[in-house]
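Values in this document were obtained by computation on a predicted structure and should not be read as measured data. Any value given below was found using the heavy atoms of this structure, including those in side chains, with hydrogens, waters and symmetry copies removed.
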Amino acid sequence: MSKQRQRLVLLCGLLQFFIAITLCVLLLVLTTDYGLPTWVHWINLPLAVASTCLLVASMYGTSSYICCECGEKFNPTFKDWSTSIKNSTKATRRVTCPKCKKRQWSKHTAFTKEN
């Protein structure tokens, strides 16, 4: 595994940890009354939303797929990626290949930057 890939994996892990902690605190504050001031609610909610956005952006940034039809390695558009169905047991996602223009199950691979 390359150093760049290791950094991406570490960053994703840290983001997921931060999001999990933020969401747990948010749920704790919103579901129980400990007499905490209102500003805690107003600070925690944007943190949870920002953490979720960072997680989604990091997941999209490391997404690269191989088309099963033509063998093209590609990075899907964000719209295509975010609206597609994911099969986590087979590490595939139903995305549109830019080369053959077919929407089908494509295998997830290591990140590659396309120009």
Side-chain angles (χ1 to χ4, degrees):
M1 189 182 295
S2 69
K3 288 188 178 188
Q4 182 183 10
R5 181 74 176 159
Q6 287 176 345
R7 284 188 212 128
L8 282 173
V9 169
L10 178 64
L11 178 64
C12 288
L14 289 173
L15 285 172
Q16 290 174 353
F17 175 75
F18 178 70
I19 290 168
I21 296 298
T22 304
L23 291 177
C24 288
V25 170
L26 176 68
L27 289 174
L28 179 69
V29 169
L30 293 178
T31 58
T32 57
D33 185 19
Y34 286 112
L36 294 173
T38 306
W39 62 268
V40 173
H41 298 283
W42 291 106
I43 289 175
N44 206 5
L45 186 60
L47 283 176
V49 170
S51 301
T52 304
C53 290
L54 285 172
L55 178 65
V56 169
S58 69
M59 288 170 39
Y60 170 69
T62 59
S63 297
S64 184
Y65 296 89
I66 295 179
C67 178
C68 294
E69 186 74 26
C70 64
E72 176 78 11
K73 192 170 188 180
F74 65 96
N75 298 337
T77 63
F78 183 76
K79 180 181 177 186
D80 189 29
W81 179 83
S82 62
T83 58
S84 63
I85 302 168
K86 182 177 189 226
N87 184 349
S88 58
T89 58
K90 295 182 180 177
T92 58
R93 187 179 286 264
R94 193 168 170 86
V95 291
T96 305
C97 174
K99 185 177 180 183
C100 63
K101 307 292 186 212
K102 291 188 179 178
R103 185 170 179 84
Q104 61 187 355
W105 293 101
S106 299
K107 185 164 178 54
H108 186 267
T109 63
F111 174 73
T112 59
K113 187 172 183 177
E114 297 289 329
N115 291 331

| Is the backbone of Ser64 close enough, under 3.5 Å, to the side chain of Thr109 for a donor and an acceptor to pair up by distance? |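 Yes, Thr109 side chain to Ser64 backbone: donor-acceptor pair under 3.5 Å.
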
| request: Compare every heavy atom of Cys67 with every heavy atom of Phe74, then report the nearest pair and how far apart it is. | output: CE2-N, 3.8 Å

| field | Which atom of Thr96 lies closest to which atom of Asp80, heavy atoms considered | value | N-OD2, 2.8 Å

| task | Rounded to the nearest 0.5 Å, what's the gap from NZ on Lys102 to SG on Cys68? Could you check? | result | 11.5 Å

| request: Just jot down the side-chain contact (heavy atoms from CB on, under 4.5 Å) partners of Lys107, sequence neighbours excluded, or say none. | output: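 Once residues adjacent in sequence are excluded, Lys107 has no partner under the side-chain contact (heavy atoms from CB on, under 4.5 Å) criterion.
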
| query | Which word best sums up how the rings of His108 and Tyr65 line up, parallel for under 30°, tilted for 30 to 60°, or perpendicular for over 60°? | reply | perpendicular

